[in-house]
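Okay, structure first, notes after.
Just the heavy atoms: all of them, side chains too, but no hydrogens, waters or symmetry mates, feed the values below. Just so it is clear: chains get the letters A, B, ... in the order the sequence lines come, proteins before strands, and each one is counted from 1. Please read these numbers as outputs of a predicted model, since none were measured by experiment.
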Number of protein chains: 2
Amino acid sequence: MNLVYKGKTKDVYALENGNYLLKFKDEVTGENGVFDPGANTVGLTIEGMGKSGLRLTKFFFEKLKDLDIPTHYINSSIEDATMTVLPAKMFGKGVEVICRYRAVGSFLRRYGLYAKEGQVLDAYVEVTLKDDLRNDPLITNEALEMLGIMTKKEYDVLVELTKRIGNIVKDELAKKGLELYDIKFEFGRVGDDNHIALIDEISGGNMRAYKDGEYIEPLKLEELMMKN
Amino acid sequence: MNLVYKGKTKDVYALENGNYLLKFKDEVTGENGVFDPGANTVGLTIEGMGKSGLRLTKFFFEKLKDLDIPTHYINSSIEDATMTVLPAKMFGKGVEVICRYRAVGSFLRRYGLYAKEGQVLDAYVEVTLKDDLRNDPLITNEALEMLGIMTKKEYDVLVELTKRIGNIVKDELAKKGLELYDIKFEFGRVGDDNHIALIDEISGGNMRAYKDGEYIEPLKLEELMMKN
């Protein structure tokens, strides 16, 4: 088992059979000790964060599997805070796909001249490049195609999958009295047919959720979601 | 004749017949005395800049008229540095449309992880919001529609017109041995049918042009273009 990538919130190990093992860590993205799912720096370390994030990820990835929505998930061990996944090829050097239900975060920073904070956005999808140096810039489908990152056909699949998965997460949160404001996904090309599949995780660290108009921290969110 | 808007490079007066008079000024956008067509501040003042910009604008707007491409242009007076135009309704609080033939400026600042400086882009079109406070953010066609700025149908017309006009400018520059790298346009809704028309100007201040690999300043560009 070889460490192939040391991430901000996860480490990636290559397994001998060609699959990968993701080790969920206790680090959270944010700035100055404040959680921000859009941030590119590790803001704080929270004991038990890795296992907690994996628990919610496992819950959602298994739900997606039941619904025949493609992911890279194979299985997981909460005890070890690890998840075994299929190999996936990245889009370029990595993209992030955001599904927005209310205007907050970077959307508001960009479009505050037109959008009010908290305004309903109805599963609006946008793609940003993973590029810490350039603050994860927004990119259009035309530019994604022109720069050889993904085809227009792949983009359309990506948007459709993002909305479907976003709505599943939103519905699950609603069952617990939580409202999803936005969520960030990663996708990759999986298998010989290079079909588009959800990769990475679906944890509190990828989304912003509110309860009765109040923001819920990732760990608290995961606790509320996993409670019977 | 009432002054209705004091712009960075132009003042706008309302005429009694409902049309508008644009007064071209000697100010140029840029920072710290260096010209930058994408900048939101006035960088320097150059004697004769207004008339020079108007001369090239007149040349292009009259050419577009001959080709039946809709603009807001009625006529102009080089002596007074003024241009008479039809009233136009803005898209939201104003958008800018950029047509790119080579990767420079804000494109490279955003996508430098994938694009090399000067890389050919083949009339790639992107739309940014006019919003000095938020540094004129990039916006997708989906967001333009969602935020009520323009419809998808209008967006498609805008992109098509941008490419046509960009290519006309590119070809005219090429006749003088100049290469167009990028150009920025403004459009508005004109007439009772709200058809999309080119507004503002087409001067050296809106574009980046190179000759033998060397950047050509706006005033020099306009001089080269207007020379027989």
**Report entry** Residue pair A:L129, B:Y114: steps toward the side-chain contact (heavy atoms from CB on, under 4.5 Å) verdict
**Finding:** CA-CA 10 Å; A:L129 296 178; B:Y114 295 89; 3.7 Å; yes
Report task. Locate the shortest heavy-atom distance separating B:T140 from A:Y124; write the atom from each residue and the value. Result -> OG1-OH, 3.1 Å
Report summary line: Looking only at heavy atoms, the pair that brings B:R134 and A:R110 closest together is CD-O, 3.4 Å
With a cut-off of 6.0 Å (strictly less than), are more than 12 heavy atoms of other residues, nucleotides or ligands near [atom1] of [X]?
X	atom1	result
A:K176	NZ	yes
A:Y215	OH	yes
B:D66	CG	yes
A:K116	NZ	no
B:K211	NZ	yes
B:D171	CG	yes
A:D192	CG	no

Which answer fits [X], side chain, backbone, both or neither, if we ask what part of it has an atom under 4.5 Å from a heavy atom of chain A?
X	result
B:L113	both
B:K130	backbone
B:E126	neither

Query raised in the report: Do any of residues 141-170 of chain A come closer than 4.5 Å to chain B, heavy atom to heavy atom, and if so which ones, in number order?
Result: A:E142, A:A143, A:M146, A:L147, A:I149, A:Y155
Query raised in the report: Contact part of A:L138 toward chain B, heavy-atom cut-off under 4.5 Å: side chain, backbone, both or neither?
Result: both
